[in-house]
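Let me begin by presenting the structure, written as structure tokens, before commenting on it.
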Amino acid sequence: MMRKKSINLDQVLQISQQLILRSYDYLWLHTMLEQAANTQVSGSTLITGSSHALNGIQENCWNSAFNCSMHSQDLYYDFLCARRVLERAAGRFARCFIVMGYYIAYQDLSRSKISRETMIANVYYPIFQDGHHWEPPHSGSQWDGLGEIPEPVKALCQQAAAQKLLEYGTYYSEIRPRGTLFDLKGRTWAQVSQAERTAMGAARAADHNKLFQHRDSLEENKQILTEFVRFLYRHNVQPIVVITPFSPEYNRFILPDMRAGVLELLDAVPEDVHFVDFNQAEGLFTPADFMDTDHLSAAGAEKVSGILAELFGA
């Protein structure tokens, strides 16, 4: 009889480090969902949203906050995240921030070939077993290429990886530093010339403006947000929609109709929803508060989070 090869602690740590490198986004979101669902702290804060939430929220500004957002997360997966948490943590959460950009009203990851084959395949489907409109989806495995590993050992490796992420407590850390959408050649956003910032703002807004054509997605997102908000009310959780600050160079080129789409989205919800658009606050943010055209720096995130905590409770 052949004996199964045993794996020692050093190997567990080594494999867990490989998991972090190759499946960081999956591990982060999975870990946050589990931590949030198991919290025992009443009055906790839940955050869902896209990369604007990852960049724009500093969790330590609240007594107990869980950032269940991710790059390219649309409203459908925002709702799945909130449902996963609140169905297991009934009565523990006081508020839910739904953080978005103007384009979110028109976004559906499952109808984007690139997004579904990256984010859905590698993050959302492995967690939720739900590809939305992408059927049948295909998904990879974080264990591919790591050889034969017994299931109990896989559990230990994933626990070790999750624990490492929890030590940092926020998405961006020394193992995942903040990055920029554009090659700024080692400069900060504040150090980039005005002409360069304008060009990059126009390019980024143009990418987002392409989503405006998807009116069918807007209509479906109205239904999704309506169900999302009703779900939050049933669980006595305050819904708060937040548009994070964007650079003036980006706001200059985003279609006014895109902004109007967000208001149309909110108007379709019968229940009251708090709405904060930081782009209506002139002079509050400087270039130092941004990493690039529409993502905040750590300083900007602390500023936004402090304001939200003061407005809606910590």
Indicate whether the side chain of [X] and that of [Y] have a donor and an acceptor atom separated by less than 3.5 Å.
X: R178; Y: Y172; answer: no
X: Q223; Y: T226; answer: no
X: S110; Y: R116; answer: no
X: H133; Y: E220; answer: yes

Run the side-chain contact (heavy atoms from CB on, under 4.5 Å) test against [X] and tell me which residues pass, sequence neighbours left out.
X: Y168; result: K164, S173, E174, I175
X: N209; result: A205, I254, L255, M258
X: A309; result: W62, A314
X: P152; result: P150

Exercise. Please check if atom CG in L311 has more than 12 non-hydrogen atoms from other residues, nucleotides or ligands closer than 6.0 Å.
Key: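 Yes, enclosed.
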Practice problem: For atom CD of E117, decide whether the heavy atoms of other residues, nucleotides or ligands shown that lie under 6.0 angstrom number more than 12. | Solution: yes
What residue pairs, at least two apart or across chains, pass salt bridge (charged side-chain N to carboxylate O under 4.0 Å, His left out) with a residue in [range]?
range: residues 42-57; value: none
range: residues 240-258; value: R197-E249
range: residues 273-297; value: R204-D294, D289-K303
range: residues 103-115; value: D108-R111

Quiz item: Going through the distances and angles, do Y250 and H208 end up as a side chain to side chain donor-acceptor pair (under 3.5 Å)?
Solution: CA-CA 10 Å; Y250 173 87; H208 285 163; 2.7 Å; yes
Quiz prompt | Under 3.5 Å: donor-acceptor pair, side chain of E310, backbone of I307 | solution = no
Quiz item: Do W189 and S247 touch side chain to side chain, with heavy atoms closer than 4.5 Å?
Solution: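 Contact flag for W189/S247 side chains = yes.
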Tell me which donor-acceptor pairs under 3.5 Å the side chains of residues 234-246 have, and how far apart each pair is, sequence neighbours excluded?
| from | atom 1 | to | atom 2 | distance (Å) |
| --- | --- | --- | --- | --- |
| H235 | ND1 | F231 | O | 3.0 |
| Q238 | NE2 | H274 | NE2 | 3.0 |

Practice problem: State whether K222 and E219 are salt-bridged, where the test is any N-O pair (Lys NZ or Arg NE/NH1/NH2 against Asp/Glu carboxylate O) under 4.0 Å. | Solution: yes
Quiz item: Going by the side-chain hydrogen bond (donor to acceptor under 3.5 Å, both in side chains) test, which pairs reach into residues 71-81, not counting sequence neighbours?
Solution: H71-Y171, Q73-D78, Q73-Y124, Y76-D130
Please table the atom pairs, donor to acceptor, closer than 3.5 Å between any side-chain atom in residues 30-37 and protein atoms at least two apart or in another chain.
| from | atom 1 | to | atom 2 | distance (Å) |
| --- | --- | --- | --- | --- |
| T31 | OG1 | L27 | O | 2.6 |
| E34 | OE1 | R88 | NH2 | 3.4 |
| E34 | OE2 | R88 | NH1 | 3.1 |

Self-check item: All side-chain hydrogen bond (donor to acceptor under 3.5 Å, both in side chains) counterparts of E167, not counting sequence neighbours
Solution: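 For E167, no residue satisfies side-chain hydrogen bond (donor to acceptor under 3.5 Å, both in side chains) once neighbours in sequence are set aside.
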Quiz item: Taking the six-membered ring of F79 as reference, does the NZ or CZ atom of R83 fall below 6.0 Å from its centre and within a 45° cone about the axis?
Solution: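 Ring-cation test returns yes.
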